Amino acid sequence: MGELLKVENLNVYYGSIHAIKDISFHVNEGEIVTMIGANGAGKTTTMHAISGLKKIRSGNIHYEDKLISKMDAYKIVSLGLAQCPEGRRVFSGLTVQENLELGAYARKDGREAIQDDFDMVFDLLPRLKERRNQMAGTLSGGEQQMLAIGRALMSKPKMLLLDEPSMGLSPLLVKEVFKTIVNVNKAGVTVLLVEQNAKMALNIADRGYVIETGNITMEGKASDLASDPKVRQAYLGGVKKKGLACLPLFMYDNPRLDEYRYRNRDSRRFT
Amino acid sequence: MQFLTYLVRGISLGSVYALIALGYTMVYGIAKMLNFAHGDVIMVGGYVVFFAFCKNGFNPWISVLIAMGACMLLGITIERVAYKPLRGTPSLAVLITAIGVSYFLQNGAMLLWKSDPKSFSSIVGINGLNLFGGKLQISAETIVTIITSIVIMIVLMWFVKKTKPGHAMQAVSEDRGAAQLMGINVNGIISLTFAIGSALAAIAGALLLSSYPTLMPTTGAMPGIKAFTAAVFGGIGSIPGAFLGGILLGIIENLSKAYISTQLSDAIVFLVLIVILLVRPTGLLGKKTTVKV
Ligand SMILES: Nc1ncnc2c1ncn2[C@@H]1O[C@H](COP(=O)(O)OP(=O)(O)O)[C@@H](O)[C@H]1O
Ligand SMILES: [Mg+2]
């Protein structure tokens, strides 16, 4: 159970904006680690720094003892480090099947192994199988999230980075997604889960980090964080907030609401 | 019968536009930029075929293959040297650079090959058709051009829709970041796109000059602009759209030359384009670009 991912003194800028301020954290093999924080705290930036989509200013990122912080994003995938990005970003003009095939784009272990993983993904996410010939753009939000997870799994990752997989989903679907994440982890995939939905995330995680305006302000066992008064106050609805929880359930999966939710993410914290 | 003759000539010219437009549309669809130097790649391809085939008597197939290879290298080099450093900058900067590359190629050709027109001889070695007792003559160049453009369009559509690199191209076109997360080498895919577009330009050059045999450094400029128009007309980014736009543009141009006015034909072509774009801003077969949340 060594360290699979190790981030040391990471600094990331957007122009002159110092978005990530010298943070360090690590993920051990086999763990689910969550990084929780409010909108704009720097979670996505951290994810992109790890996957190579965002160039970093300074610091080191090691994956399996390899320095990956200077590697091209497309090469990092082949090392077994996959990312399921925020907002799903499925390829809407391609079918479900083709999206999954692209997930396996960089693999070189042969058709049969890839076919096995197709079966595994369809087992895990049976809804995708029914819709395999449908254009990804016509899927509902929940189905797109499942596809994004399935697509990341098709690269046969040792470690999976998930960026707010619960965003814009109904409570029922959120549960389903989190159940899937647990199953993926049980299948041997190490998980780094970024969430605003702190309650659910801390529930399934082994350890957690709290990120605020580019700094890691707290870290520890997930159960300890979940009972920490400060965390409860800020992230677990210690303060009652007006949210979308009052909307009728059928409205949750309406894609036109996604943007609205995206902009009001802070008010979507679970209560 | 006169009408049919004009129509067939229009389709023939339109097929050349279609071939060039396919290159424009591929590059636009995947690299999201207008490569205004595309027409001048045609000219370079034309010169390569001219020297290989007309001057040195190479087999026409071999000559076109050499030209395709040369243009692929040229296209990839242009992208690497001129466009890649500008990725992520405002598209206006890229556009101006493309115009610069276009002039660079024209002036380079002038230096290398002088500006006097060269007389191209047709690469098509078969006979034309005589229909209706000689009333309708279809030249061999016309037949070859039309068939070539249809075959290439079908192959391109198959390639993009059915093959792994084709799917990677679609992924890059939709979302470069997500494509990288799949392990797709975005730079490689963009190079591939430029290579394909430039190879098509070489074929288009050889066929264009077989029908219209005057070769000069500026030979590619006008067909390039027309083909760009055709691509927009059909819906830029769409492969069948580029084909349809090219054919229609050729027909409109030839018919208005025949029946309205030789001088005004280009103006009429652009008038039709403007009307179409007013009615359908995305072009005939263009998709609405979906705005992502
Ligand atoms: N493309 C960008 N350009 C400039 N600033 C950005 C960009 N993306 C994010 N930021 C800024 O970086 C900070 C962290 O953003 P982000 O990583 O998206 O946060 P989170 O994922 O936690 O919501 C925010 O202050 C945000 O405004
Ligand atoms: Mg984010």
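Here is how names work: the chains are called A, B, and so on, in the same order as the sequence lines, proteins then strands, and each is numbered from 1. Owing to the predicted nature of the structure, the values given are computational and were not obtained by experimental measurement.
With respect to A/E143, the salt bridge (Lys or Arg N to Asp or Glu O under 4.0 Å) criterion is satisfied by exactly one of A/R132, A/R127, A/R88: A/R127. Residue B/L249 is tested with B/T229, B/L13, B/L273 for a side chain to side chain contact (heavy atoms under 4.5 Å, CB included); the sole match is B/T229.
Heavy-atom distances place both the backbone and the side chain of A/L102 under 4.5 Å from chain B. Within the 4.5 angstrom heavy-atom criterion, no atom of A/A82 approaches chain B.
Annotation: A/L67, atom CG; neighbour count of heavy atoms from other residues, nucleotides and ligands within 6.0 Å is above 12. Shown here is B/Y28, whose OH atom has no more than 12 heavy atoms of other residues, nucleotides or ligands within 6.0 Å. Dense packing is recorded around NZ of B/K32, with more than 12 heavy atoms of other residues, nucleotides or ligands lying under 6.0 Å away.
Between A/L162 and A/V177 the shortest side-chain heavy-atom distance does not fall below 4.5 Å.
Between chain B and the residues A/A148, A/G52, A/G93, A/S78, the largest count of heavy-atom pairs under 4.5 Å involves A/G93. Looking only at heavy-atom pairs under 4.5 Å with chain B, the residue among A/V77, A/L81, A/I76, A/N99 that has the most is A/V77.
Of the charged side-chain nitrogens involved, at least one lies within less than 4.0 Å of a carboxylate oxygen, so that A/E64 and A/K158 count as a salt-bridged pair.
Interface residues of residues 146-165 of chain B toward chain A, defined by a heavy-atom distance below 4.5 Å and sorted by number: B/K161, B/K164. Interface with chain A: from residues 184-192 of chain B, residues B/I184, B/N185, B/I189 qualify, criterion being any non-hydrogen pair under 4.5 Å.
Ring-plane geometry between B/F36 and B/F228 is classed as perpendicular, the angle between the planes exceeding 60 degrees on a 0 to 90 degree scale with a lower cut at 30.
Separation of atoms CG (A/L160) and CD1 (A/I32) is listed at 10.0 Å; rounding is to 0.5 Å.
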